[in-house]
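The structure presented is a predicted model; accordingly, all values stated were derived computationally and were not measured.
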Amino acid sequence: MTILVKPEVLPDVKVREFRMLIDGKWVEGIETGTIERAAPSHGVTVSRYKSATKDDVHLAVAAARKAFDQGSWPGMTAAQRSNILLKAADLISARAEELAYLDAIEAGKPITQVRGEIAGSVDIWRYAAALARDLHGESYNTLGNGSMGVVLREAIGVISIITPWNFPFLIVSQKLPFALAAGCTAVVKPSELTSGSTLVLGEILMEAGVPAGVVNILVGTGTDVGAPMTSHPDVDMISFTGSTGVGRLTMANAAQTLKKVSLELGGKNPQIVFPDANLDEFVDAAVFGAYFNAGECCNAGSRLVVHRDIAGDVTARIARLSEKVKVGDPLDPSTQIGAIITPQHLQKIQGYVSGAAKSGATVAHGGSQIDFGFGQYMAPTILADVKPEMAVAKEEVFGPVLSVLTFETIEDAIRIANSVDYGLSAGVWSSDFDTCLTIGRRVRAGTIWMNTFMDGAAELPFGGYRQSGLGRELGRHAVEDYTETKTLNMHIGQRTGWWMPR
């Protein structure tokens, strides 16, 4: 039986009111529509936003365009931009508890987990500040006596940044500071379900000294705000994180004006475990990988690909450990799995579980909704006897559901791992280095964890193969992603040639 942490009724909740940020001013927008956010953990309204429209997008893009074309930000020294980003990092750290509460209450995320995400975000902002001063071009003094070449890196321009609801502050921190470090300006749209922490970030950036118009933040739906942000002719690049389906629409919109596109999309990530693995460590990582952030994570280890000889033992051990996982109130520091983002998403998760059971899978643990009387929660769930052709083994469930598949040979494991349309990440567990390296080289995914899972650092690139996206975030080249290269080809001395008649 899973340990339940029943949420306390929120007494006298003070609804937080937010406006949108355009050209350095907090405004209500051209039309005064409102979006209310009910906490998925408690079912009561906790935030209220002014809702943007296409007209507000035009104003925000115009502000960002002017700030880039005529403003001071792109022309600052890298040291000046770096110092502002470092100050922003300090201010984020100072308001960490406020930011953590907003993400916990709006997304249903465990407060202890979110505190870690905010701390990680501070580190990313500081890393981006360092990269700002490392951005450089190239010179070629090897072209003969009559020529020399210089390759410049220039900020690409105005960036549309669209972020999802599952990691509201962390994901905007994987994009925005690198764009700013390069000298770009931005229009940011967080999910309308979890916009609070991003709007507080707007306050932080203005306090840190980011000039008006450099960062603009709009709240609204994909139809009203996201779509015009991705098709607007004055936007030079799109950085999007979300579902693969919306990623395709984003690419289609960007194609109208041939914008650069960076996409971080879905995943169906395998953890492959061999009989010689340290099973104690693996079982802990399997439970963490499947249930972290209630499984609402593109990197979730939602497919356990286990050798047939140990499948029964491993499944039983994971089920026993799942009984100790604490599910419930995201504001309780002991909680490990919080609330599901919306009732509709909970219904979708349950649909995958029931569909798998009808197709022959066995519910080895959980499998049902948890009813606290308010909010929406899902029990940590293990599905055994899953076949690669089942929907639950191929499609992104985005919930605390672990599917157990089996293999006999390393070739079987690689085939199963590569049998889905995604390629974001994978894990391999074995005491044999050759086995780990073979999996690492042949599984098509952007990150391969070896005898660990879901570790990360700002220095390591993140992104996927195939339908998991385009491009990479983080890493030492992250700032370069927000630049264009320009060649200066310079002639030295007297020009000669047949095209110059004498």
Side-chain angles (χ1 to χ4, degrees), residues 103 107 109 117 120-121 124-125 127-128 131 156 159-182 184 186-191 193-194 197-198 222 226 229-230 235 237-254 259-269 289 292-293 295-302 341 395-398 420-426 444-449 453-482:
D103 278 4
K109 299 162 68 74
E117 291 170 16
S121 299
I124 293 172
W125 280 84
Y127 182 63
L131 290 183
I156 195 169
I159 316 296
S160 281
I161 294 177
I162 301 176
T163 60
W165 47 259
N166 56 334
F167 293 93
F169 197 84
L170 181 62
I171 290 180
V172 74
S173 297
Q174 292 178 180
K175 301 174 182 292
L176 182 57
F178 299 100
L180 295 177
C184 295
V187 179
V188 181
K189 189 194 97 65
S191 168
L193 300 177
T194 55
S197 62
T198 302
M229 281 177 61
T230 56
V235 169
M237 177 179 170
I238 301 163
S239 180
F240 170 86
T241 295
S243 71
T244 297
V246 179
R248 294 190 191 100
L249 295 176
T250 299
M251 284 193 70
N253 284 341
K259 304 181 193 307
K260 184 176 181 180
V261 178
S262 174
L263 302 174
E264 196 276 286
L265 308 175
K268 192 65 181 176
N269 313 294
F292 174 72
N293 207 56
E296 297 171 327
C297 178
C298 57
N299 252 349
S302 58
I341 190 72
E395 300 173 13
E396 193 173 37
V397 177
F398 229 59
V420 299
D421 293 331
Y422 300 104
L424 188 58
S425 63
R444 293 180 59 76
T447 297
I448 310 292
W449 285 289
F453 198 76
M454 220 180 284
D455 284 343
E459 292 85 351
L460 299 177
F462 176 69
Y465 286 37
R466 295 177 290 180
Q467 294 191 32
S468 286
L470 299 171
R472 296 293 183 267
E473 296 180 340
L474 304 177
R476 67 186 183 91
H477 298 296
V479 174
E480 294 179 5
D481 289 343
Y482 294 94

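Applying the side chain to side chain donor-acceptor pair (under 3.5 Å) test to T241 and every residue at least two apart in sequence or in another chain returns K175. Under the side chain to side chain contact (heavy atoms under 4.5 Å, CB included) criterion, A252 pairs with no residue, sequence neighbours left out. Applying the side chain to side chain donor-acceptor pair (under 3.5 Å) rule to K259 yields the partners T257; only residues at least two apart in sequence or on another chain are considered. In this view, Q174 and E473 satisfy the side chain to side chain donor-acceptor pair (under 3.5 Å) rule, not counting sequence neighbours. Y465 is linked by a side chain to side chain contact (heavy atoms under 4.5 Å, CB included) to R444, R472, counting only residues two or more places apart in sequence or in another chain. The side chain to side chain contact (heavy atoms under 4.5 Å, CB included) test applied to E395 returns Y352, A391, not counting sequence neighbours. Every residue meeting the side chain to side chain donor-acceptor pair (under 3.5 Å) condition with S197, not counting sequence neighbours, appears here in chain and number order: D103. Partners of F398 by ring-ring contact (aromatic ring centres under 6.0 Å, His included), not counting sequence neighbours, listed by chain and number: W165. T230 meets the side chain to side chain contact (heavy atoms under 4.5 Å, CB included) test with I162, I238, T250, N253; sequence neighbours excluded. With sequence neighbours excluded, the residues forming a ring-ring contact (aromatic ring centres under 6.0 Å, His included) with F453 are W449, listed by chain and number.
At a threshold of 4.5 Å between non-hydrogen side-chain atoms, the residues F240 and P164 do not count as touching. No side-chain heavy atom of Y127 sits less than 4.5 Å from a side-chain heavy atom of L474. At least one side-chain heavy atom of C297 sits less than 4.5 Å from a side-chain heavy atom of M454. Using a 4.5 Å cut-off on side-chain heavy atoms (C-beta onward), L470 and M251 make contact. Looking only at side-chain heavy atoms (C-beta outward), V188 and V172 come within less than 4.5 Å of each other. Side-chain contact between S262 and M237 is present, with at least one heavy-atom pair separated by less than 4.5 Å. Looking only at side-chain heavy atoms (C-beta outward), P168 and K109 come within less than 4.5 Å of each other.
The two atoms that bring Y422 and E396 nearest to each other are OH-CB, 4.2 Å, heavy atoms only. Taking every heavy atom of both residues into account, L131 and G475 meet most closely at CD1-O, 3.5 Å. In plain terms, the two heavy atoms of A254 and V261 that are nearest each other are CB-CG2, 3.4 Å. The shortest non-hydrogen separation linking G266 to L424 is O-CB, 4.0 Å. Shown here for A179 and I159, the closest heavy-atom pair between the two residues is CB-CG1, 4.3 Å. The shortest non-hydrogen separation linking A186 to L176 is CB-CD1, 3.9 Å.
Residues in residues 237-252 take part in no salt bridge (Lys or Arg N to Asp or Glu O under 4.0 Å) pair, two or more places apart or across chains.
The backbone N or O of N269 sits nowhere less than 3.5 Å from a side-chain atom of S425 that would complete a donor-acceptor pair. Using modelled atom types, one side-chain atom of R466 and one backbone atom of V420 make a donor-acceptor pair closer than 3.5 Å. The closest donor-acceptor contact from the side chain of K260 to the backbone of Y482 lies at 3.5 Å or more, if one exists at all.
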- Task: Under the side-chain contact (heavy atoms from CB on, under 4.5 Å) rule, what do E296 and I341 come out as? Steps first, then yes or no, please.
- Result: CA-CA 9 Å; E296 297 171 327; I341 190 72; 3.8 Å; yes
- Between F167 and S173, does a side-chain contact (heavy atoms from CB on, under 4.5 Å) hold up when you go through it step by step? CA-CA 10 Å; F167 293 93; S173 297; over 6 Å; no
- Task: Could you walk me through whether N166 and N293 pass side-chain contact (heavy atoms from CB on, under 4.5 Å), step by step?
- Result: CA-CA 8 Å; N166 56 334; N293 207 56; 3.8 Å; yes
- Run the side-chain contact (heavy atoms from CB on, under 4.5 Å) check on K189 and S160 step by step: do they pass? CA-CA 8 Å; K189 189 194 97 65; S160 281; over 6 Å; no
